[in-house]
2 protein chains.
Amino acid sequence: MNTIKDVAKKAGVSPGTVSKALLDRHDVSNSTKRRVKRVAEEMGYIPNIIARSLVTSKTNTIGLVTPYLGNPALIERLRGVQNACLSNKYLLITCLNEGGAEEELSQAEALIARKVDGIIITPTGNSIKLKEFISRIEIPVVLMSEMIEGTGCDFVGEDDYEGAKTGMEHLISLGHRNIAYFGSFPEIYSDGRLAKGYRDTLEKYGIPYRKELVLWGNTDRDILEKNVERVMNTVSAPTAIFAWSDIIAIDIMSKLGKMNINVPEDVSIIGYDNIDFLSLFHIPLTTVAQPNFLIGQKTVELLLECIERDGENEPTGKLIFRPELIVRKSTGPAKK
Amino acid sequence: MNTIKDVAKKAGVSPGTVSKALLDRHDVSNSTKRRVKRVAEEMGYIPNIIARSLVTSKTNTIGLVTPYLGNPALIERLRGVQNACLSNKYLLITCLNEGGAEEELSQAEALIARKVDGIIITPTGNSIKLKEFISRIEIPVVLMSEMIEGTGCDFVGEDDYEGAKTGMEHLISLGHRNIAYFGSFPEIYSDGRLAKGYRDTLEKYGIPYRKELVLWGNTDRDILEKNVERVMNTVSAPTAIFAWSDIIAIDIMSKLGKMNINVPEDVSIIGYDNIDFLSLFHIPLTTVAQPNFLIGQKTVELLLECIERDGENEPTGKLIFRPELIVRKSTGPAKK
DNA sequence: CTGAAAGCGCTAACAG
DNA sequence: CTGTTAGCGCTTTCAG
């Protein structure tokens, strides 16, 4: 592999000059700049950024710790992140994980060891250890879409509490009173917020909260199917279901289909995420949309701001987007 | 940020000893090892891998250059890659791109500048510049799923020609003779191979190839809709459609639905990828499946082998998986 | 404008 | 077993 020395030798100048020439410093004559650049190009020289960053203590790299992308909404977010990195000339190191504090912690640590300039984390786990670790990280950190309270980190995401309210009010306005909630895990921040919004909205409209209508673990299809069976066989079965994600919503619809229960005639379903091609389903899904791409972009922008001002003053920033209801065909008036 | 010197001072030993202790070298007494590790832990010391790799010329990092994940099949592959990296203690740097040789080249370059130990590329572009660049890369490179001929790189992927044949023979066995092909871009390797398989299989069964039945650009929904309209209005309209991806297939189905054309009674449709939840569609999609997760894993394993043997002997490896036909409800006998 | 020298944080080789 | 030294490839003073 060519180093700066090799280029220097071929160009007949010192390594220091090569460095300056390649970085377009103004204290190098144009003629040497041109010569050095030509030689470097010819040799296929690629500067060793690792070595550079050891002296500049800047890697122009940011890290992302995010759960696996089973959910297309996460991909849109990732796209937004990648897009903003690209236009700001930062390299992105994406660490996918299966969720959980332990893996998240070890990935964040690996990133710090590689001296990324900043980190974006979408935490799905919430151990004390992770929380303390995040609080202590010396480089800028922004949490995206999922939150851990009390870390003092910046945050960019959507208002899930509001999202739940929007969706619930849609159902209630259609006359539904028996509404079930299908979540993943209550420990996941957004899921907790959604569930809270679900409950509070019921209360607001004087509808009693029935805990047997709140079901968890629905990212596993087997569990989901059992949950559907169970809930549809309770004394007063729900006439509407609110799902934590479009994927769960679609799974529920499929299961109801097998049970010969019609959507939306018998049961209304509302999802969360607005996954593009679910609008192509035979019963297009009513859902609550977030500006995922934008969230990804804005997260990076906020992070880069923090990096640029280098921890000088640190006014914690929060950027919270408002979800939007998208009514399609999977919700309708409550069955009498 | 703590350095090895700080730890050394606190532990009352030399930096060299700290390094050895933390790396668990056997020429350090157990007592100092314990002490050093305790002190490091207390200080929250995280070794600077950047600095380490400068001397070891090993980063324990591999890079991935892959197009955006609009297609869930790519995500499965990415999961496989990430999974294998994790179990081999390598960090993965994922570079997503919008496709095209230029971006791919610049991302590969960024990775090399960061001294990754090896690179996985799924090239969708194919400029001479990219090809030459890839050929010259001095670190191990494995191409995944998409190929550029003549680079001498290792390859792990699926046999798309065979995949096309399998799908086509299914349609032909159902009596179809007018079969259309809906692709993305012929420059994309897999798409070209699929189209070739489509054509050759027609020939094999003595069915004339009609170029007006081959349509491109279908990753754009508008173009796709126009293509569907056009092809369904030709003199002898197709009774079956082979799509380059499940996403395209589902878009076609949706469009046909709007045109009041029934699947599979009027037109059979077969996709490619086996995206999990399309099996939940009201007309479950017949498709051709690839072992995506496995492809991701195997790609990493092959790459790590190359890295381990450090370019000693380089028998080019190719690992090609056989696609599998999955018959569901979107294909049926040809309409008379 | 150019070159020489120091040093980023770490490991490896070699003394002791 | 431990410490000292050199050096990975680069940038950045600081002389010239």
Side-chain angles (χ1 to χ4, degrees), chain A residues 1-37 39-40 43-61 109-117 138-139 310, chain B residues 1-37 39-40 43-61 109-117 138-139 310:
Chain A
M1 202 77 229
N2 287 321
T3 73
I4 208 169
K5 275 190 196 165
D6 303 319
V7 178
K9 212 171 287 172
K10 269 242 171 82
V13 288
S14 73
T17 304
V18 172
S19 169
K20 285 180 234 171
L22 260 25
L23 292 174
D24 251 328
R25 292 285 146 80
H26 37 265
D27 57 346
V28 182
S29 74
N30 279 325
S31 63
T32 33
K33 262 190 202 171
R34 268 196 300 276
R35 185 156 38 93
V36 167
K37 283 182 182 173
V39 172
M43 302 174 72
Y45 169 71
I46 301 178
N48 183 336
I49 299 215
I50 291 304
R52 172 186 296 167
S53 63
L54 198 53
V55 16
T56 60
S57 60
K58 183 86 168 64
T59 54
N60 269 280
T61 304
E109 212 162 316
L111 290 170
I112 291 172
R114 260 99 176 167
K115 297 288 152 191
V116 294
D117 298 326
E138 293 180 8
I139 58 172
D310 200 21
Chain B
M1 202 77 228
N2 286 320
T3 75
I4 210 169
K5 275 188 194 164
D6 303 318
V7 179
K9 212 171 287 173
K10 268 243 172 83
V13 289
S14 73
T17 303
V18 172
S19 169
K20 283 180 236 170
L22 260 25
L23 291 173
D24 250 328
R25 291 285 146 79
H26 36 266
D27 57 347
V28 182
S29 75
N30 279 324
S31 62
T32 34
K33 261 190 202 169
R34 268 197 299 277
R35 187 155 37 91
V36 168
K37 284 183 183 173
V39 172
M43 303 175 69
Y45 169 71
I46 301 178
N48 183 335
I49 299 212
I50 291 302
R52 174 188 294 168
S53 63
L54 197 54
V55 16
T56 59
S57 58
K58 183 85 168 59
T59 54
N60 268 281
T61 303
E109 213 163 314
L111 290 171
I112 291 172
R114 258 100 177 166
K115 297 290 152 189
V116 295
D117 297 326
E138 293 180 5
I139 58 172
D310 200 20

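Keep in mind it's a predicted model, so treat the numbers as computed, not measured.
- Using a 4.5 Å cut-off on side-chain heavy atoms (C-beta onward), Arg52(B) and Pro47(B) make contact.
- Across its full length, the helix from dC1(C)-dG16(D) to dG16(C)-dC1(D) shows an angle of 50° between the axes of its 5 terminal pairs at either end, rounded to 10 degrees.
- Residues Thr61(A) and Arg114(B) bring a donor and an acceptor atom of their side chains to less than 3.5 Å of each other.
- Within the 4.0 angstrom heavy-atom criterion, no nucleotide atom of any strand lies near Ser53(A).
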Atom pairs and distances, donor-acceptor, side-chain atoms in residues 7-14 of chain B, under 3.5 Å, two or more places apart:
unit_1   : atom_1 : unit_2   : atom_2 : d
Ser14(B) : OG     : Thr17(B) : N      : 3.3
Ser14(B) : OG     : Thr17(B) : OG1    : 3.0

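- Across Leu22(A) and Ala40(A), no two heavy atoms sit closer than the pair CD1-CB, 4.3 Å.
- Nearest approach of Ile139(B) to Asp117(B), heavy atoms of both residues: CB-O, 3.9 Å.
- At a threshold of 4.0 angstrom between heavy atoms, the contacts of Thr32(B) are confined to the sugar-phosphate backbone, with no base atom among them.
- The nearest pair of heavy atoms linking Thr3(B) to Tyr45(B) is C-CE1, 3.6 Å.
- Contacts of Asn60(A) classified as side chain to side chain donor-acceptor pair (under 3.5 Å), with partners at least two apart in sequence or in another chain: none.
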Seminar exercise, completed: Contact string for nucleotides 8-16 of chain D, one letter per nucleotide 5' to 3', B = base within protein heavy-atom range under 4.0 Å, S = sugar-phosphate only, - = neither, reads BBBBBB---
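- On the nucleic acid side, DNA chain C has its first and last nucleotide under 4.0 Å of a heavy atom of chain B at dG9(C) to dA13(C), going 5' to 3'.
- Listed by chain and number, the residues in a salt bridge (Lys or Arg N to Asp or Glu O under 4.0 Å) with Lys20(B) amount to none (sequence neighbours excluded).
- Closest heavy-atom contact between Lys115(B) and Met1(A): NZ-CG, 3.6 Å.
- Side-chain contact between Leu54(A) and Asn48(B) is present, with heavy atoms from C-beta onward closer than 4.5 Å.
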